[in-house]
2 protein chains.
Amino acid sequence: MSKRISQSSLKAPSFKRSDCPLACALDIVGDKWSLLIVRDLLFGRSRYSGFLDAGEGLPSNILASRLRSLEKAGLVRKMRDQAQPTHQAYQLTESGLDLSAVIVALVHWSRINIPGTRPSQIG
Amino acid sequence: MSKRISQSSLKAPSFKRSDCPLACALDIVGDKWSLLIVRDLLFGRSRYSGFLDAGEGLPSNILASRLRSLEKAGLVRKMRDQAQPTHQAYQLTESGLDLSAVIVALVHWSRINIPGTRPSQIG
DNA sequence: CAGTATCCATTTTGATACTG
DNA sequence: CAGTATCAAAATGGATACTG
């Protein structure tokens, strides 16, 4: 017998504490995984399994939850893979692409301020 | 009878998954509160009670935990308040100040991409 | 194989009461 | 004022099992 109630057993993080633009942004990407998924998308990964293999050990249930919340927030779009139509592919929307500036700023900060950061490669 | 073991009942978030500069940065500021505290420091707040009153309803135990981890990561310094030496004051280090670029990028993104964001004020 | 879902232990959170 | 302590609730992380 199959369970039919829950769309997913894992809920996305809560949403919108205030109208401060910074707090609003953090309600969407203020966690340890979302920007790493955006990073992967920027660097050409587009498949579920690709995100899982990215190296930081993102668990599959967390990945599913994050993809849902990023999609709901309009940063990511899911579609059929052009090259392999049997597969799904994720891609950034305009809004998601705009996050590259945030990622660049974080990487720049990290390079200067965190010792032991990898010198020449993101991802 | 008093408990004496725990320095604090609340632990700071875990640390350093990989050597990717983005992941390293997110291990430090990749949560919903740390950058809001940095924002407050940038905008002139410096006291524990000031952070609590900032408006987003940051709980005091989370604040204590975040201040500890930001201090440990070298972004924040605790000292005696110059004006009122009976009080403590927090201030950003150079490293913490450098995060302003990240905050600017996030606010800019938010203004463009999140409807309902407050038009003319951070904080 | 790609993608989801479920179970369960551990961590983190949020709210509030409490202490020096 | 500046934190700590307590505790319930929620999120996380792994492992694993299910579906098409």
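Because the structure is a prediction, the values reported are computed rather than measured. Order of the sequence lines sets the chain letters (A, B, ...), proteins ahead of strands, with each chain counted from 1.
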Rounding to a whole Å, what distance do you find between [X]:[atom1] and [N]:[atom2]?
| X | N | atom1 | atom2 | result |
| --- | --- | --- | --- | --- |
| E71(B) | dA2(D) | CD | P | 14 Å |
| Q88(B) | dG20(C) | CD | P | 18 Å |
| L58(B) | dT13(C) | CG | P | 11 Å |
| F51(A) | dG13(D) | CZ | P | 17 Å |
| R66(B) | dT11(C) | CZ | C1' | 11 Å |
| L67(B) | dG3(D) | CG | P | 7 Å |
| R68(B) | dT13(C) | CZ | P | 12 Å |
| I37(A) | dT12(D) | CD1 | C1' | 14 Å |

Acceptor/donor pairs from residues 53-60 of chain B side chains to any protein atom, 3.5 angstrom cut, sequence neighbours excluded:
unit_1	atom_1	unit_2	atom_2	d
E56(B)	OE1	R39(B)	NH2	2.9
E56(B)	OE2	S18(A)	OG	3.1
E56(B)	OE2	R39(B)	NH1	3.1

Between the protein and nucleotides 14-16 of chain D, list every N/O to N/O distance that falls short of 3.5 Å.
unit_1	atom_1	unit_2	atom_2	d
dG14(D)	O6	N61(A)	ND2	2.7

Do any side-chain nitrogens or oxygens of [X] fall under 4.0 Å of OP1 or OP2 in [N]?
| X | N | value |
| --- | --- | --- |
| K32(A) | dG13(D) | yes |
| R47(B) | dA2(D) | yes |
| W33(B) | dT13(C) | no |

Close side-chain approach of [X] and [Y], heavy atoms under 4.5 Å:
| X | Y | value |
| --- | --- | --- |
| Q91(A) | M79(A) | yes |
| N113(A) | D98(B) | yes |
| K32(B) | R17(A) | yes |
| I114(B) | W109(B) | yes |
| R47(A) | D40(A) | no |

Do you know which two heavy atoms are closest between [X] and [Y], and how far apart they sit?
| X | Y | value |
| --- | --- | --- |
| G123(A) | C20(B) | N-SG, 3.4 Å |
| L75(B) | V29(B) | CD2-CG1, 4.0 Å |
| A25(A) | L106(B) | CB-CD2, 3.9 Å |

* Determine the stems involving DNA chain C; a stem requires 3 or more consecutive pairs of the Watson-Crick or G-U wobble kind, each with both distances below 3.5 Å, and the answer is none if no such run exists. =>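 Expected stems, ordered by start: C:1-20 with D:1-20.
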* Heavy atoms under 4.0 Å, any strand shown: does Y90(B) hit a base, just sugar-phosphate, or nothing? ->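 Sugar-phosphate contact only.
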* Structure fact -> Looking only at dG13(D), dG3(C), dT13(C), the nucleotide nearest the Y48(A) side chain is dG3(C)
